[in-house]
Amino acid sequence: MNFAPHTEDEIVEMLSAIGATSLDELFDQIPVDVRLQKPLDIADGISEMEIVADLRAHSVKNRDLDELICFAGGGAYDHYIPSLVWALAGRSEFYTSYTPYQPELSQGILQVLFEFQSLICELTGLEVSNASLYDGATALVEAVHMAVGAGRTRVLVSDGVDPRMVDTLRSYGRGEGFRLEVYAGSHPDVTPDVACVVVAHPNVYGVLEPVREHFGAAHDGGARAIQVFDPMSLGVLAPPGELGADIAVAEGQPLGNFLNYGGPYLGLIAARMDDVRRMPGRIVGETVDVEGTPGYVLTLQAREQHIRREKANSNICTNQTLMAIAATIYLGWLGPSGLQELGHQCSSRAAYAAAQLTSIPGVTLALPDKPFFKEFALRLPRDPRGVIDALVERGFLAGVPMALSDEEVLLVAVTERRTRSEIDAFAAAMQDALVGP
Amino acid sequence: MNFAPHTEDEIVEMLSAIGATSLDELFDQIPVDVRLQKPLDIADGISEMEIVADLRAHSVKNRDLDELICFAGGGAYDHYIPSLVWALAGRSEFYTSYTPYQPELSQGILQVLFEFQSLICELTGLEVSNASLYDGATALVEAVHMAVGAGRTRVLVSDGVDPRMVDTLRSYGRGEGFRLEVYAGSHPDVTPDVACVVVAHPNVYGVLEPVREHFGAAHDGGARAIQVFDPMSLGVLAPPGELGADIAVAEGQPLGNFLNYGGPYLGLIAARMDDVRRMPGRIVGETVDVEGTPGYVLTLQAREQHIRREKANSNICTNQTLMAIAATIYLGWLGPSGLQELGHQCSSRAAYAAAQLTSIPGVTLALPDKPFFKEFALRLPRDPRGVIDALVERGFLAGVPMALSDEEVLLVAVTERRTRSEIDAFAAAMQDALVGP
Amino acid sequence: MTGGPVTGAPIRTQGAEASTGTIMSRSVPGRRASSFARLEVPSAPVPTAFTRAGSPRLPEVSEIDLVRHYTGLSQRNYGLDTGFYPLGSCTMKYNPKVAEEIAALPGFRRTHPLQPDGTVQGTLEVLWRLERALCALTGMARATLQPPAGACGEMTGLLMMRAYHADHGGGRTKVLIPDSAHGTNPASVRLAGFDVVGVPSDARGLVDVEALAKLVDDQVAGLMLTNPNTLGLFEEEIERITELVHGVGGLVYYDGANLNAIMGHCRPGDMGFDIVHINTHKTFATPHGGGGPGAGPVGVVERLEPYLPTPVVARTDTGFGWDRDRPRSIGKLHGYNGNIGVLVRAYAYVFAHGADGLKSVSELASLNANYLAALVRDDFPTAFPGRPMHEFVATAKPLKDRTGVRAMDVAKRLIDLGYHPSTVYFPLVVEEAMMVEPTETETKATLEGYAGALHQAAEEARADPDVLRRAPVTTPVRRLDEARAARQLKLRW
Amino acid sequence: MTGGPVTGAPIRTQGAEASTGTIMSRSVPGRRASSFARLEVPSAPVPTAFTRAGSPRLPEVSEIDLVRHYTGLSQRNYGLDTGFYPLGSCTMKYNPKVAEEIAALPGFRRTHPLQPDGTVQGTLEVLWRLERALCALTGMARATLQPPAGACGEMTGLLMMRAYHADHGGGRTKVLIPDSAHGTNPASVRLAGFDVVGVPSDARGLVDVEALAKLVDDQVAGLMLTNPNTLGLFEEEIERITELVHGVGGLVYYDGANLNAIMGHCRPGDMGFDIVHINTHKTFATPHGGGGPGAGPVGVVERLEPYLPTPVVARTDTGFGWDRDRPRSIGKLHGYNGNIGVLVRAYAYVFAHGADGLKSVSELASLNANYLAALVRDDFPTAFPGRPMHEFVATAKPLKDRTGVRAMDVAKRLIDLGYHPSTVYFPLVVEEAMMVEPTETETKATLEGYAGALHQAAEEARADPDVLRRAPVTTPVRRLDEARAARQLKLRW
Ligand SMILES: Cc1ncc(COP(=O)(O)O)c(C=O)c1O
Ligand SMILES: Cc1ncc(COP(=O)(O)O)c(C=O)c1O
């Protein structure tokens, strides 16, 4: 398979126009010593029907979520994606274009991103959003980067923040030179060298946090308050802006994006207008053209790497625009009342599932006194990983194993997709697995 | 689920604008006696995610051709469909439009259909094509209808024509008043009341027919010569126009259309220019606009039902345009050399499969002396239907049962998709099934 | 322009560079997009006696050539997804994306028509359930899903009529059709071997029942009717009509093109119809595909059931299967079993809406039509006084009388104003007809936008009719010379 | 216009009616597209202490509103499928449709990142095989597939550099970067905690090796380079360069943005590079998505392998699995395991092309760039004399000197002539730079068409420069006021 359109005759004509006698001659600048003398150690090319057959064969070795009923979450959720989302986001004028460097040819992308920014502001109750980051974890990195500086290099992270996010933050921190400390409870000790306090709400155990307490402490200490949120909760939960967050970040996958075994996902970030010049990545703004017609452009580019180089806020260039398009369309599909109904469905179905599962002997809520949204942690009489495997045999993806203090619990997530009969079957299978071998 | 956008408020406003007080009032013209007093006996509506779950559950009860390796043909074939075909034919500007009654808004569809007509003419070696018919069988009905008239009402059909086509022809013949006779051999007796001679080449058993002999007889008797062809064969087989056909028809499904359990398919028809005014259905022609810019329109509409009503050539209105678009793109993907390679691959793989299968004790070619293209008839030591079922158990769709004189044979079709290892596995499974229970 | 935001837009104006030749203009000898697996079996060409000498002139292009060419052509086409598309009698309602996703499931799309019944139980059950729902909706006893479009459904119905009469004395030669009928009706009648007898309309635009009474006799095989009729008006004397035909032993055929008007409110079966076809591409929103495919299931009352095409889906102890043992059947009307992929979409539509949703569809379709009729009435009065249902037929005759501007000119001007115009010049019984079917999926604002554009066109007609006669000017091509197309036939490259 | 058919076309001209507000302009209180299953479990709202008071202002629209709005917006956007898109450094080659079909298979698309390894053996094997192929292609020992784009790949590489030096004495603070480098390079260097030291170019547009020799010292952690460089020129003294850096104990990083130039001809590993990132959205044609997603796998030589991000795919007796037991790893760079959906597409590209296909890709990419450079040379000479590889940087400086018209004006005029212009004003080392990367998937006719348009623009610049300064005039909007956008910030509704 090869998409180059050249015929032999054309190659000859073109070579002669450039004064070369062979294609090989085009590589004459490469020193002989470094020229590859043998074929690459990759098989020779195959036809389209063969590559499809190969990858289809691989794909069916996976057990996908059409096959396993999904109660796994941990930041990535099996919400329903209406067909129109990808019927539209999948239009090739969108997905085969690139960063809108020529705005006159890119009003489509630019306007969708403007709408996306608006929606994220509306969701979060904050004032400014960008046009996407890689994912939730790297969005948190960028948020912390916005906060760090001028003598403030300590980063206090609540122990309810997803450890995958904390790990990612730690990796970047090695370069960016901030120090990361995890704290328990809701009253971090915010000294003047603290850049920010990071709280997840709902937290990684699904629990609703007393966010205002954390953020009160942050603000009292002059630090920025950063919230990790779940966009699907914001029809029913008070938005970060209202809870005192200065910056809010999230994994935006649930907004119309497929689970894709982890990516491509969508990093969301929103902040207060004061911080607009510290924001990372692309930002779209509205303006007018020479005739006064409204239109959209990339703006505040002086923040970015292609202009500011080593002084840029962030090194991000290619982002996750296509996922932002999907999120925009998805949120339009939901609408405000749909977002609210979604939240209510999730919390109700999760509560039902928790009740059914904890009626199994030996299964209890790991955090029994805490309110939760759509995910909750179970203490099981057996190792959660073994239980997960046993439930795969029974057709369920039971959840995600997660450390809680020094034990391992099972995180169970319940979206609007999970029907009562699926939940009942899941509870029965869990019971069966726990008594079984 | 409901796609109507009306809010309660809007309904009230709109009702008042038309001077009605309730939606029910809009149905006042319906006599009370015939008004339905109870709800329809259909369940109440469900959400998108529920209808998807319902139909997905149904779909997985089928054993599809990603699961069963397909050697079935009988007019519908498992050729490879390159991804670009439906990525393009599936663009919503195409599939959500209708018959191009307003050509200024429909140059896209019109031009594709013009290209389609051109391609069908090129394939068949004939002069005029229309913009699609329902399927191969109804295309044959239309072709016969073109030939019947003025004292010529007998239709001679070679016994190599697919019985499904013959049955369909017979049904329509009851209304259109032609008489259908099936003949054996290649020298039909063409008396002056014969309207046409119909020959399939390759025929239903996959066999290459001495078409010129059939058509010589037809023309000697003043009848029209109609060929049923396989579009996938025309890279390697002489085209109908060259073989003497006056009208050629085919099932166009293999040209980039999915098997779809039998439809939507694509009826192809091509004829000589003399017959253009007898052609059924839409025909696109090139013309110019008021400024001299070339463009396309539906033409010769005076043939059609919406103008000519009971004197129309055909009653067809909605046709299979979308399938014609797919066929156009597919043929562009193939190109002339691809079409030829395709034919060569099919005949080679079929020959190999025939050799492997007939090396199984008791399995022989049912028509051993006849050359074939991509399909062939096997005589089996057991009832073909039972063998098909046994091979389904083994992961193969073994073929199609077909009557040949008074026995039943198995038609095996081999497309370019069937690899040597699939064929070998199929032969092994067949052997196993024939010795097994 | 008045009346709310515009939903559609004309296809882009053609710049000097936008003109495109056919795909052949991109062809370069030796270029090719396709590739195949290496031939790993012995080469076995067909015998030389059969081989093709030359090569057909197919394009020689790369994938990117194909992608750009057909993407570009798609952008020169206006679809429902582009904007409002109020073609009367065509029910151009929103085509749900979910139906496309469902029909593309491999379990549906990748199944062979001749697979054993045991391997397609899912599809067979879908067809069986759809048949039951269509019967419930129309008040019929059984249905065939085989006809691939409405016209074929008509043929199916008429052949059943023929077979029924043949079994009941025979000798009936005539089928009655109102003068407002769609062209496929008379065409089908003739192809089914009957003579067409026209039934006049009365001053209300309804069947002239007195005239009908005079036309019915024992030569009449049946009557074909759509109700509401093509004027969007309900045949208020429908019971009398069907009784008249039944009285002489005839059958009554319901052309389902306008079923969108009455779902859940009344049923053809209850009105006395014996045969009903449904256009899934209308009522159930399966995409029109630029001209097709559709599907035209046909329901019948009990006594016609033996004549249904072969095969029909049967439910047995062991599951679902095709019943081919039907001695009185009219036979096959399609090479396989119809446009299954379309029927799957129809199933999704019917069961997602459900009884309540379908009923509401018809209510809102009528509401939209009546609202739009009211908005445009001053410039374009409806042709007949009755309250229309899901569509209305207005007339540009007053405008033409005053300004000379014709319905076609108004239509072309609408294109420049961003809309696909309605059907024009049909039904034939109305002069300068504009047959408008907005469907229930359009918003109030869209209707107001369209009404605004119609009003603007009418004003312009009065002020400067040339604006309309010159239209459209914003499209890739302007008005095309259809006479030349038919005279200097150029039908291929 | 000269030189063959036009492949692209500008986005449609905006008529009075085509102007569109945001989706909010379609919003009507109470309207809604979404629906859910009936809640068949007890209602359990979140505790009131946590609930949201008001409602966010999301649009209240129907499906048809959404479909028309976003279909319309897509038509206001130019993509590769619309036409030629020769953005230098971006490798805008044809995105195979087959890769989209493959990535949408439920086995890939519908899997959760935290599923047990045993349930995703297909994907893990795909990742493992892809990693092997990338190592073969670049001459590296192992690779991580985790970075979601090139810039993150840079960060990954630099953090590994940091960790490596920390294990080997530490204390290195500087990273060298040529002045022609892409902006992400210096930005990443800073974020990784190093100082940027610029390396000047010489008269050939290559690294000034003498200058480099003076810059290397034991403070140098490494050098970042792309080769061919952003001018499309191969660093002919590459061995000397890598030796110089290695000589002081530094590491050499290969920015893979330009890998499309050399596949199968030479390998970064053989040139002495220690770390290589690849942009799958460039070299392997995964769609750019209007700005993303991409993927930025990073390969390393043996001695850096311990530092690769966690986890990496391992092959064991029982199958494939994630190896998380990597004590010296720099850790995680992405919340899960990277842009898997993109990597699946990359796999399809790599293995469909194979060794022979990839080699040919680079040959034809160079051929296209050289051919186009030759065609436009008279008006727009290349900035440096050397033979470019897969892209070339021309300059509009002579034209500007003569006519005052700038590269940006030429770019805007190209839009009116039907093309997406090349990158302009990058790399910074060239005045009035036009950085053109045609890629191998474009046809000779397309290149000639683009050259013709450039020539026309140059002629116009000489005859009537205002034509260029006014451009574009065929687009939905004309030149936009960027200063105003930054001054009067309007970043949301
Ligand atoms: C009233 C009426 N009857 C019959 C038909 C024919 O249906 P089809 O186009 O599906 O063959 C139509 C189609 O437009 C119609 O409007
Ligand atoms: C030379 C070079 N390096 C690095 C990058 C950054 O890659 P990405 O956009 O994938 O982050 C680019 C992107 O355009 C580039 O051209």
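Heavy atoms only: backbone and side chains are in, while hydrogens, waters and symmetry mates are out. A note on names: the letters A, B, ... follow the listed sequences, proteins ahead of strands, and every chain is numbered from 1.
- Side-chain contact between H281(D) and T318(A) is present, with at least one heavy-atom pair separated by less than 4.5 Å.
- Of the two parts of N95(D), only the side chain, counted from C-beta on, holds a non-hydrogen atom closer than 4.5 Å to a non-hydrogen atom of chain A.
- For A163(D), no part lies near chain A; criterion is any non-hydrogen pair under 4.5 Å.
- With a threshold of 4.5 angstrom between heavy atoms, F108(D) approaches chain A through its backbone and through its side chain.
- With a 4.5 angstrom heavy-atom cutoff, Y85(D) touches chain A only via side-chain atoms.
- Closest of all the heavy-atom pairs between V236(A) and V46(D) is O-CG2, 4.0 Å.
- Ionic pairing of R420(A) and E40(D) is not present here: no N-O contact between side-chain nitrogen and carboxylate oxygen is shorter than 4.0 angstrom.
- Looking at every heavy atom in both residues, V128(A) comes nearest to L491(D) through CG2-CD1, 3.7 Å.
- With a 4.5 Å cut-off on side-chain heavy atoms, R349(A) and L39(D) count as touching.
- Only the side chain of L105(D) comes within contact range of chain A, judged by heavy atoms closer than 4.5 Å.
- When each of D41(A), V290(A), I423(A) is scored by its heavy-atom pairs under 4.5 Å with chain D, the top score falls to V290(A).
- Between H265(D) and F27(A), the two ring planes are parallel [angle under 30°; tilted spans 30° to 60°].
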Exercise for the section: Dump the intermediate steps for side chain to side chain donor-acceptor pair (under 3.5 Å) on R91(A) and S74(D), then the final yes or no. Expected result: CA-CA 7 Å; R91(A) 286 194 46 98; S74(D) 77; 2.7 Å; yes
Exercise for the section: Check the pair H288(D) / S97(A) against side chain to side chain donor-acceptor pair (under 3.5 Å), numbers first and verdict last. Expected result: CA-CA 6 Å; H288(D) 281 79; S97(A) 69; over 6 Å; no
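- Look at E291(A) and R478(D) and you find a salt bridge, because one of the NZ, NE, NH1 or NH2 atoms lies within 4.0 Å of a carboxylate O, short of that distance.
- Using a 4.5 Å cut-off between heavy atoms, K412(D) touches chain A through its side chain atoms alone.
- Looking at V189(D), neither its backbone nor its side chain comes within 4.5 Å of chain A, counting heavy atoms on both sides.
- Checked against side chain to side chain donor-acceptor pair (under 3.5 Å), N339(D) has the following partners two or more places apart in sequence or in another chain: Q320(A).
- Under the 4.5 Å side-chain criterion, counting only non-hydrogen atoms from C-beta, Q115(D) is in contact with L65(A).
- If you measure heavy-atom distances from L233(D) to chain A, you find no contacts under 4.5 Å at all.
- Ion pairing between E286(A) and R484(D) fails under the 4.0 Å rule for side-chain N and carboxylate O.
- Only the side chain of P472(D) comes within less than 4.5 Å of a heavy atom in chain A; its backbone stays farther off.
- Considering only heavy atoms from C-beta on, I30(A) comes within 4.5 Å of M389(D) through its side chain.
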Practice task
Kindly determine whether D81(D) and Y95(A) satisfy side chain to side chain donor-acceptor pair (under 3.5 Å), including the steps that lead there.
Solution key: CA-CA 9 Å; D81(D) 282 10; Y95(A) 80 74; 4.8 Å; no
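- Looking at heavy atoms from C-beta onward, Y371(D) lies out of side-chain contact with E13(A) at the 4.5 angstrom threshold.
- Using a distance-only test at 3.5 Å, with no hydrogens or angles considered, a donor-acceptor pair links the side chain of Q305(A) to the main chain of T184(D).
- Among N62(A), D64(A), D66(A), N260(A), the single residue meeting the side chain to side chain donor-acceptor pair (under 3.5 Å) criterion with R110(D) is D66(A).
- In this structure, the portions of A44(D) lying under 4.5 Å from any heavy atom of chain A include both its backbone and its side chain.
- For chain A, the nearby part of E239(D) is the side chain; its heavy atoms alone come within less than 4.5 Å.
- In this structure, C152(D) and I316(A) have side chains that are not in contact, with every pair of non-hydrogen atoms separated by 4.5 Å or more.
- To the nearest 0.5 angstrom, Y78(D) atom OH is 7.0 Å from L105(A) atom CG.
- Residue F234(D) touches chain A through its side chain alone, counting heavy-atom pairs closer than 4.5 Å.
- A salt bridge links R492(D) with E122(A): at least one charged nitrogen is closer than 4.0 Å to a carboxylate oxygen.
- When heavy atoms are compared at a cutoff of 4.5 Å, L87(D) approaches chain A solely by way of its side chain, counted from C-beta outward.
- Remark: Y336(D) pairs with Y265(A) by the ring-ring contact (aromatic ring centres under 6.0 Å, His included) rule, at least two apart or across chains.
- In this structure, L322(A) and P293(D) have side chains that are in contact, with non-hydrogen atoms separated by less than 4.5 Å.
- Ionic pairing of R479(D) and E104(A) is not present here: no N-O contact between side-chain nitrogen and carboxylate oxygen is shorter than 4.0 angstrom.
- Interface remark: L137(D) contributes backbone and side-chain atoms alike to the contact with chain A (heavy atom separation under 4.5 Å).
- Considering only heavy atoms from C-beta on, R170(A) stays 4.5 Å or farther from K332(D) through its side chain.
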